[in-house]
Structures are given as structure tokens and as C-alpha cells.
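Have a look at the structure below before the remarks.
Whatever order the structure lists them in is the order used to number ligands and atoms, beginning at 1.
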Amino acid sequence: MEKFIVNGQRKISGKISAQGSKNGALPILSACVLTNSKVVLHNCPRLSDVYAAIKILEKLGCKALWQEDTLIVDSSGVNNYSIPDDLMREMRSSIVFLGALIGRMGLAEFSAPGGCEIGLRPIDLHVKVMEALGVNIANDNGRITASVKDGLKSCNFVFQFPSVGATENAILAACVSKGTTVLENCAREPEISDLADFLNSCGARIKGAGEGTIVIEGVEGLHGTEYSIIPDRIVASTLLSAATITGGEIEITNIVPSHMRPIIPVFLEMGCKVSVGESWISLKSKDVLNRLKHIVTMPYPGFPTDAQAPIMAVTTIANGTSLFTENIFECRFKHVPELIRFGANIKVEGRMAVVEGVNRLHPATVSAPDLRGGAALIIAALAADGTSEITGITHIDRGYEKIESVLTSIGADVRRK
Ligand code: UD1
């Protein structure tokens, strides 16, 4: 089992380019199933979640080929509609293949993603919108079959909650349905717009992605395209957190500044100086960080749940008490007991966490509980006065491309062992 060895208290300083977005890439990889020819995807991150999505594509009959950070997917040979249990388990967000498979094959077979590290992750919203599009869903002991008889129909549908994955599945299926679909109370995350932009470049007709109401005029089929995946705003937020906790300075290039809007005020509140250009963001930290009054995770454009853990790690050494409310997932404080091993003072009460800033963190041996929780442990280890060990790093590899090399290239000392 690999682990990270982190020698702390080295200041981050330097310039780095953000990787392509994991949450942008995954639905787009699924969308490739809807096309009948080659898709060329630039800025595709090399992550274990992306490799898991490629395994699913290959299982469905697609061919995938890497050329550096470009992935070429040929979906002309799709001949299977069933995703085996082991592949579903490897990546729980594989539920987003449902919309694409039903659109391409009229059939999809997969297993329910089930509970995971950060919460229950039910799929009721996915099922409801699929049924509105004319899909029959049958559940046989957790193995789910989705089928459509006379083609997908259009619908008017209001999401009870703006689920990212359910909005993506709805877009995927509706873009090849008959007629015009109107989806309301949609998720507005940048990754939704990325998916719609990709699909539109393949011949789909989707308007309003990134807003609450999305209007989709169904088309008969989609063609191939060449497309560049958006930069990863969560990875960028993590790198800003790393610079902040070490009292360092960073410039991150290849970002979309508007995607960073929900997170910038947090760094300003901690007392950092932040500048933003056309496609870059820079941050200069300070010696003693201010506490954060109250961070409340919300759907975009609110503060992202995926940045909660890394930012909490930073507040462990801020001056005063910071409060966090986690509104999106039920069990997204699993990093807390691990942060406490570094000497952090954190109390959890239901969906709230209270962080009393301490003067210093000491080194610790910890285990990554989930993807972003794992990133939080790296952030804490960067500030600790000694050598820390982080195990369970397969979680971190799901979403961060060579995080040890990235951080070491800007002054940190992180090794994979
Ligand atoms: C996506 C992101 C994840 C991010 C999350 C919220 C990907 C691959 N993952 O996950 O990184 O943390 O958005 O920004 O893009 N829910 C239901 N029923 C459903 C679907 C969701 O109750 O049918 C609930 C979930 O349990 C959760 C909340 O809605 O509590 C948000 O989930 P959702 O927006 O669907 O997140 P994901 O698409 O799973």
C-alpha cells in the first residue's frame, strides 16, 4: 500500500498550471457513448476515476487511446449496455452512464451505487427524471435495469434538489429524445455547462446550462468532436489552501476565474491577498491567518462541499474559532478525527463543525478517509513541524493528478513511498 511522506513547514512558492477537471471529465466520458464516431478530449486529467470510466467505456464497446493529456474515444462500436458490479463499485459516480446508455441503446443495466464514504448517495432524483423521459426502471436486489420502449420522450421536470449527477443524466438522455425538454431547478455547477458545451459541439441543442432552467431540443444522434475539458476548480482551491497554510505564495494558471468566485472570499477573509487575471489566480498568504466566521456548503454558486475539508484544514491554525456547516452530504466530516491527530481542536455536532485554531500542528500518521478529506490531511501535514505519513492515498489519486510532484515543484516536500 502506497503512502505519502510529508516533511512539513516548507513554504509553498511558485507557479503551477491547474489540471483538467475530474468532475468535468467524467460526465463527458459518459457522453462519448452518445456519439457515433471519434471524440478528441484535451486537458483530460490522468486520474484513477478517469481510468475507471475508461474501463466502463471499453466494456461498453468503445476504444480509448491516450496521447499525452489528450484522450481519444471512439464510440462507433458500442455493443453492450451492462456495467458490471465491480466497475460500478470502483467509481460510484458511474451512475452518470445511465443517461448516455439509455440514449444510445434504449437499455442500461447497472448496480445501485449504494452508500459511500461521504453519504448515502441515493439515486431517486436520477430515477424520477428518467421516468419522466419515458424510461422504465426495475430494481432487482440492487441490480437496476433501465429500458425505454418507443424512444425517449421529452418532458417538463422540476428537480426537488439541484443534484449535479441527476442534472447530468437528464441532459444526456434528453438531448437525444423526441421533442423539447424543460428541466427546472437544475444544478448550476460549471461542470454542467462543460457537459452541455461538449454535447452542443457534438450537435446537441442545449440552452441554459449553468442556470436553473435548461431547455433541450432533442436531436436524432450526435457526431464526434474535439473539445477541451475545463480546469479543475477544486484542485485549484486545494493548491490555494496549501499556499495559505504554509504562509506561502502561489500563482495558478489555466483556471477559469469565474469558477473560483465562491471560494475567493474565504481566502480574503483569512487575510490573504488574492489577484485574478484572465486565466490565472494568485495568492499571497500571511503569518497569522484570520478565522472564518461561518462556512456553509451549498450548491453552486455557493461554497462547494468539495472544498470544505481542505479549507477546514487551513483553519486549524487560524486565529480564533471557525464554524462549518455541511449541507450537501451527511458524512463529510470524516477528516476531523484525522485532523485531530495533528493536534487540531475540532468538535462536530451533527452537520456542524467548530474549529478552535491552535498555534501549531505536530506531525502525525493518518489515513485518508475519502478524496477531499485526504487532500485536507496533506494540507495539515504541510503545516506540521515534522514528518507525517498519510496512508489510504488511493482516495487522493481519484481526483488529484500526481499531487506529490505538483506540491514538491512549488516548494513542499511530499514523497510517495
Ligand atoms: C457531484 C460531484 C461531487 C460533489 C457533488 C456536490 C461528480 C463526479 N461528483 O456528486 O464531487 O461533491 O456533486 O457538488 O461530479 N441526492 C439525492 N438523490 C439523488 C441524487 C443526489 O438525495 O438522486 C443527494 C445526495 O445524496 C447528496 C446531494 O443530493 O446529499 C448532492 O448530490 P449530487 O449533487 O447528486 O452530487 P453527485 O452528483 O453525486
Side-chain angles (χ1 to χ4, degrees), residues 20-31 45 47-50 52-53 56 88 90-100 110 112-132 137 139 144 146 157-172 183 185-196 198 210 229-230 232-235 237-238 259 262-263 296-311 325-335 351 370-376 395-396 398-400:
S21 163
K22 168 180 89 74
N23 291 353
L26 296 178
I28 289 176
L29 288 175
S30 135
L47 302 165
S48 55
D49 266 11
V50 167
I56 294 176
M88 283 299 292
E90 218 169 291
M91 184 186 62
R92 287 169 205 275
S93 49
S94 41
I95 182 71
V96 86
F97 276 89
L98 166 60
F110 58 97
C116 74
E117 313 91 25
I118 59 173
L120 293 169
R121 289 206 157 166
I123 57 164
D124 54 314
L125 301 172
H126 299 252
V127 169
K128 275 187 192 145
V129 70
M130 285 299 135
E131 285 175 344
I137 308 247
N139 186 341
I144 295 169
F157 186 85
V158 184
F159 288 102
Q160 280 163 5
F161 177 87
S163 154
V164 174
T167 302
E168 289 166 350
N169 257 331
I171 292 173
L172 287 163
L183 304 170
N185 196 25
C186 295
R188 294 185 280 165
E189 270 69 2
E191 294 76 21
I192 303 281
S193 308
D194 201 26
L195 173 63
F198 167 79
I229 291 166
I230 54 168
D232 198 310
R233 63 195 167 99
I234 303 300
V235 170
S237 306
T238 307
H259 296 173
I263 193 100
V296 182
T297 64
M298 302 279 272
Y300 192 87
F303 181 87
T305 173
D306 288 349
Q308 179 254 108
I311 295 286
T325 301
E326 173 55 58
N327 274 326
I328 307 294
F329 289 104
E330 302 85 4
C331 344
R332 218 166 191 186
F333 285 140
K334 290 203 168 158
H335 44 284
R351 284 182 177 258
D370 54 55
L371 167 58
R372 307 301 170 187
H395 288 299
I396 301 171
R398 286 185 38 224
Y400 293 88

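Of the possible donor and acceptor atoms, none in the side chain of Ser237 sits under 3.5 Å from a partner among the backbone N and O of Ala307. A donor-acceptor contact shorter than 3.5 Å is absent between the side chain of Asp49 and the backbone of Leu26.
Remark: ligand 1 atoms within the under-4.0 Å shell around heavy atoms of Ile328 are 27 (C), 28 (C), 30 (O), 31 (C). Here is the list of ligand 1 atoms found below 4.0 Å of a heavy atom in Arg332: 12 (O). Short contacts between ligand 1 and Ser93, defined as distances under 4.0 Å to a heavy atom of the residue, involve ligand atoms 8 (C).
Evaluated by nearest non-hydrogen atom to atom 38 (O) of ligand 1, the leading choice among Pro27, Ser163, Gly165, Gly302 is Gly165.
Residue contacts with ligand 1 for Val164 involve both N, CA, C or O and side-chain atoms from C-beta outward (heavy atoms, distance under 4.0 Å).
With sequence neighbours excluded, the residues forming a side-chain hydrogen bond (donor to acceptor under 3.5 Å, both in side chains) with Thr297 are Glu326, listed by chain and number. Qualifying side-chain hydrogen bond (donor to acceptor under 3.5 Å, both in side chains) partners for Thr238, counting only residues two or more places apart in sequence or in other chains: Tyr400.
The distance from atom CE of Met91 to atom CG of Leu29, rounded to the nearest 0.5 Å, is 8.0 Å.
Residue contacts with ligand 1 include Pro122, since one of its heavy atoms falls under 4.0 Å from the ligand. Residue contact annotation: His126 has a non-hydrogen atom under 4.0 Å from ligand 1. Proximity of Gln160 to ligand 1 is not established, as no heavy-atom distance is less than 4.0 Å.
Considering backbone and side-chain atoms together, Phe161 places no N or O closer than 3.5 Å to any N or O of ligand 1. The shortest N/O to N/O separation between Thr305 and ligand 1 does not fall below 3.5 Å.
Contact of the Phe333 side chain with the Gln308 side chain is registered, since non-hydrogen atoms from C-beta on lie closer than 4.5 Å.
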